[in-house]
Amino acid sequence: MQATPFHARGQPVVFVHYQAQQAADKFLQRVLEDNRGIGILSGIESSGKTTIVNHFVRNLPANIPVAVVDATGIVASELLAAILTQFGCEGPIQLTDDLLNLLKKFVVQDIQSNQAPLLVLENINNLDLIGLRVLCELATLTNHQRFALRFILVNKRACSRIIDSPKIAPIRARLVDTFELGPLTAREALKYLHAKLRASGLVHPHRILPIATCVELHRESGGWPGELDSLVLRAIEQADGLPIRGEHINALAAQGPPDSDADSSTADRNFDRDVPKLLVTMNGKLLQEFGVTQPKVSIGRARQNDLVMTNQYVSKYHALLIFKNSTMILVDLKSANGIYVNSRRVRSAVLRHDDVIQIGNHRIKIFHPSSRVGVANSEPDHADTSILKTVADMRRAVTRKILPYASTKRRRSK
């Protein structure tokens, strides 16, 4: 096969249409067309919510500003900063009220020339009270008697507190409807699995997954896409030969899921926990997974960097990542627009698992579960400094790295 078809991170190798997905798509479209413009999409873990919403967002007209934000583990100021950045309106302001006022001005002005911006907020039940208050304020924004911002709220379970709580009346007043995502039928599961195998270069998918095996996969997974992916991936990894048989699927189901954190995805379980990953996104879309397998990673716009970001807000040599003894340190290389870690501007920072770096319009999420435990994003302490030495040393290291290229370029220009 030319590609891994059953990964759970990033854009799927092929998007498969099925009845529940198409119903969800119609629901989302109805929310955008309704003047109230707020809808709630719910579904259990592995139901395909994120894949469906991302596919919907990718197919929206280009003139609709869209922000896709996960509410897990962020405070109100971080939520607002993330929304502003994805709308293309960012700045050094850090106070929640200032960020809120800036966002209010943006959405009210933007609706005059474009359709109202769309905010997709995932894991809405994880918002704290301040975050919910901010959401309610945004829900009341109007311009010429039109609501200035539309919402798609996504969650693993029904958002009863949003529907029932008197504290969230502005959201409830605009609620078009709720939609709970359902599973695939047995026939749809067969189509789903074989379509993924074909998209990966396999001409005869039934030679890997016969119809009877797909029936067992549907029964054991309940028809949920994420569970189907996980079961097939485990079956292929553990199979002694092909095709995969129904009894093999039954044995895997009897074993139960592999040991992992309850919230870990299939992709997370297959990552090497000792090799950090940089998950690079822009406007909610995964652009690249970069494995940190070297002690220093230069980041910038110039193509001589290890991690290249082609964006006008990114300096040619913007930042340097140092990795040693399971410690990751990020250093700003005197960039024009700076670097932000979890929405706070820093000159250097010790990075932890799930930290989010902002460089220009790009986001870099750190995947490194084995990183040492501590207070995230502190300035380097003495032990860190012994690894880092000085920022000047790091800048000199980047200079030495690009010097051969620069010398060659000068010789060619003579």
### Task
For Asn35, look at atom CG and say whether over 12 heavy atoms of other residues, nucleotides or ligands are found less than 6.0 Å away.
no
### Message
To the nearest 0.5 Å, what is the distance between CG on Leu79 and CG on Asp70?
### Response
10.5 Å
### Query
So, is the end of the Arg174 side chain (NZ or CZ) under 6.0 Å from the ring centre of Phe151 and within 45° of the ring's axis?
no
### Task
Determine, stepwise, if the pair Asn155 / Ser42 fulfils side-chain hydrogen bond (donor to acceptor under 3.5 Å, both in side chains).
CA-CA 5 Å; Asn155 210 59; Ser42 63; over 6 Å; no
### Message
Please determine whether a side-chain nitrogen of the Lys or Arg among Arg219 and Glu216 lies less than 4.0 Å from a carboxylate oxygen of the Asp or Glu.
### Response
yes
### Task
For the residue pair His353 and Phe367, categorise the inter-ring angle as parallel (less than 30°), tilted (30 to 60°) or perpendicular (more than 60°).
perpendicular
### Message
Under a 4.0 Å threshold between the charged nitrogen and the carboxylate oxygen, would Asp355 count as salt-bridged to Lys365?
### Response
no
### Query
Going from CD on Gln358 to CZ on Arg363, what distance comes out if it is rounded to the nearest 0.5 angstrom?
4.0 Å
### Euclidean distance, Ile299 CD1 relative to Tyr317 OH, rounded to 0.5 Å
14.0 Å
## Note on the structure
Taken to the nearest 0.5 Å, the spacing of Glu45 CD from Lys156 NZ works out to 4.0 Å
#### Entry: Value rounded to 0.5 Å, distance of CG in Leu193 from CG in Leu217
6.0 Å
### Message
Could you check whether any side-chain heavy atom of Ile124 comes within less than 4.5 Å of a side-chain heavy atom of Ile40, counting everything from C-beta outward?
### Response
no
### Task
Output the distance between atom CG (Asp25) and atom CZ (Arg30), rounded to the nearest 0.5 Å.
12.5 Å
